[in-house]
Amino acid sequence: MPELPEVETVRLGIEHLFAGHRIDAVRVFDERSLKRHPGDSQDFTQTLIGAHLGQPQRRGKFLWIPLELAGASSVESVAPPALLAHLGMSGQLLAHDLSADAPPLRHERIRIDTVDESGRHRELSFHDQRLFGSLAVDTLVADRFALRDLVPQQAAHIAPDPLEAGFDRARLARSIRRHRSAVKRVLLDQTTVSGIGNIYADESLWAARVHPEQPADSLSQARALRLVDAVVAVLRRAVAVGGTSFDEQYKHVNGESGYFAIELSAYGQSGQPCPRCGRPIKRVAFMNRHSHLCTYCQRMR
DNA sequence: AACCTATCCTGCCCGC
DNA sequence: TGCGGGCAGGATAGGT
């Protein structure tokens, strides 16, 4: 999927193009993209129409837009709603300037027609080839990590991400070391730290010179801290260049690609020289997918 | 409780 | 050209 940097890039785009807009119409082209919505597509559509979009938020790979519902009294909205998006492996949120009743594009699953104060229309559209992603209307609940006010119920179980205000690097280093399994598996576990997928796990492990199969509890606190700092640096750098994209599948809200692919050191670089030592990057099976690493720089210890 | 495996989907790319 | 297998950046239910 799009990982934290790609989702953050999408969030920034939505903030810029849709914050404050009112939803005028909703079309669900494929119900399977609503599999995490508690009601049916009718319910989804009815809830959204007339709602105003707030400032988009993100934790890890979850993205949500708080909703101010039509006719709801703000005073006693005990459980404020939000439009929740998870992009899965191939989801995209794109801004379109079509007419709302134009036929769906190739992998377009849901189209949300919005209008701003001056009456200008713009569509927020959910595209998803593989259907692992979804949109839903969800309820916002208190954040049990107390790093922010509210989080969607469906994202309440995941840990804070490394770029969140109040993120505690020492605490994450300790929590990584509480696990016995391979350190890469722990980095991918969204309930330990959120936002990291296969690409940024491999890049972070390469940067910190840690072997992906190293048991997490065998890392010293200093080494775990170095790994956490590598994660933060890699994610920050990727956000700064608009995320990674390899093909048409991973685009920004405005349809442009991210540039982090240019500076990948390990991920997808099998056979290429390690940028640090020049030896070839290896690609090895790991958890039904692959790890990319320099077996010289990243030793088991 | 912690850990791991299987599974949800589609389309593209490769080799035969 | 056609077909089948492998593969892709994720999350999670359910097993041990």
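Proteins come first, then strands; the chains are lettered A, B, ... in the order of their sequence lines, and each starts at number 1. Here the structure is a predicted model, which means the values were calculated and not measured.
For B/dT10, the OP1/OP2 oxygens have a side-chain nitrogen or oxygen of A/R32 closer than 4.0 Å. In terms of phosphate contacts, A/R130 brings no side-chain nitrogen or oxygen within less than 4.0 Å of OP1 or OP2 of C/dA11. The side chain of A/H157 places an N or O atom within less than 4.0 Å of a non-bridging phosphate oxygen (OP1 or OP2) of C/dT12. Distances shown here put every side-chain N or O of A/S90 at or beyond 4.0 Å from the OP1 or OP2 atom of B/dC9. Phosphate proximity of C/dA11 to A/Q190: present, with a side-chain N or O under 4.0 Å from OP1 or OP2. For the pair A/H179 and B/dA2, the criterion of a side-chain N or O lying under 4.0 Å from OP1 or OP2 is not met.
Residue-level contact check: A/R185 touches the bases, meaning some heavy atom is under 4.0 Å from a base atom. If you check every strand for non-hydrogen atoms under 4.0 Å, A/R289 touches a base. Within 4.0 Å (heavy atoms only), A/H292 reaches no atom of the nucleic acid at all. A/R106 comes within 4.0 angstrom of the backbone, heavy atoms only, and of no base. As judged by a 4.0 angstrom heavy-atom cut-off over every strand, A/R36 is placed among residues touching the sugar-phosphate backbone only.
A/D30 has its CG atom 11 Å from the P atom of B/dC9, to the nearest Å. In this entry the distance linking CG of A/D202 with C1' of C/dG10 reads 15 Å, nearest Å. Whole-Å rounding puts the A/D189 CG to C/dT12 C1' distance at 11 Å. Spacing between atom CG of A/L188 and atom C1' of B/dT5 amounts to 15 Å, rounded to whole angstrom units. Taking atom NZ of residue A/K35 and atom P of nucleotide C/dT12, one finds them 11 Å apart after rounding to whole Å. Atom pair A/L131:CG and B/dC9:P shows a separation of 8 Å (rounding to whole Å applied). Protein atom CG of A/L105 is 19 Å distant from nucleotide atom P of B/dT10, rounded to whole Å. For A/D217 and B/dC3, the CG to P distance is 8 Å, given to the nearest whole Å.
With hydrogens and angles ignored, no donor-acceptor pair closer than 3.5 Å exists between the side chain of A/R180 and the base of B/dA2.
Look at the P atom in both C/dG14 and B/dC9: the space between them is 15 Å, to the nearest Å. With C1' as the reference atom, B/dG11 and C/dT12 are 24 Å apart, rounded to whole Å. As rounded to the nearest Å, C/dG6 and B/dA6 have P atoms that lie 15 Å from one another.
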TODO: Could you walk me through whether A/Q57 and A/R11 pass side-chain hydrogen bond (donor to acceptor under 3.5 Å, both in side chains), step by step?
DONE: CA-CA 7 Å; A/Q57 311 284 317; A/R11 191 195 70 77; over 6 Å; no
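Judged purely by distance below 3.5 Å, without hydrogens or angles, the side chains of A/R22 and A/H52 never pair a donor atom with an acceptor atom. With no hydrogens or angles considered, a side-chain donor-acceptor pair links A/S90 and A/D128 at under 3.5 Å.
Remark: aromatic rings of A/H127 and A/H96 are close, center separation under 6.0 Å.
Side-chain atoms of A/R283 lie closest to C/dA8 of the nucleotides C/dA8, C/dG10, B/dT10. The A/H86 side chain lies nearest to C/dA11 when the options are B/dC4, C/dA11, B/dG11. Side-chain proximity of A/H107 to the nucleotides C/dA8, B/dC4, B/dG11 is greatest for B/dG11.
Contact between A/Q153 and A/V141 at its shortest, heavy atoms only, is NE2-CG1, 3.8 Å.
Across all strands shown, C/dG5 forms a Watson-Crick or G-U wobble pair with B/dC13, both key distances being under 3.5 Å.
A salt bridge links A/R237 with A/E263: at least one charged nitrogen is closer than 4.0 Å to a carboxylate oxygen.
When atom types are taken as modelled, the side chain of A/Q190 and the backbone of A/G195 share a donor-acceptor pair closer than 3.5 angstrom.
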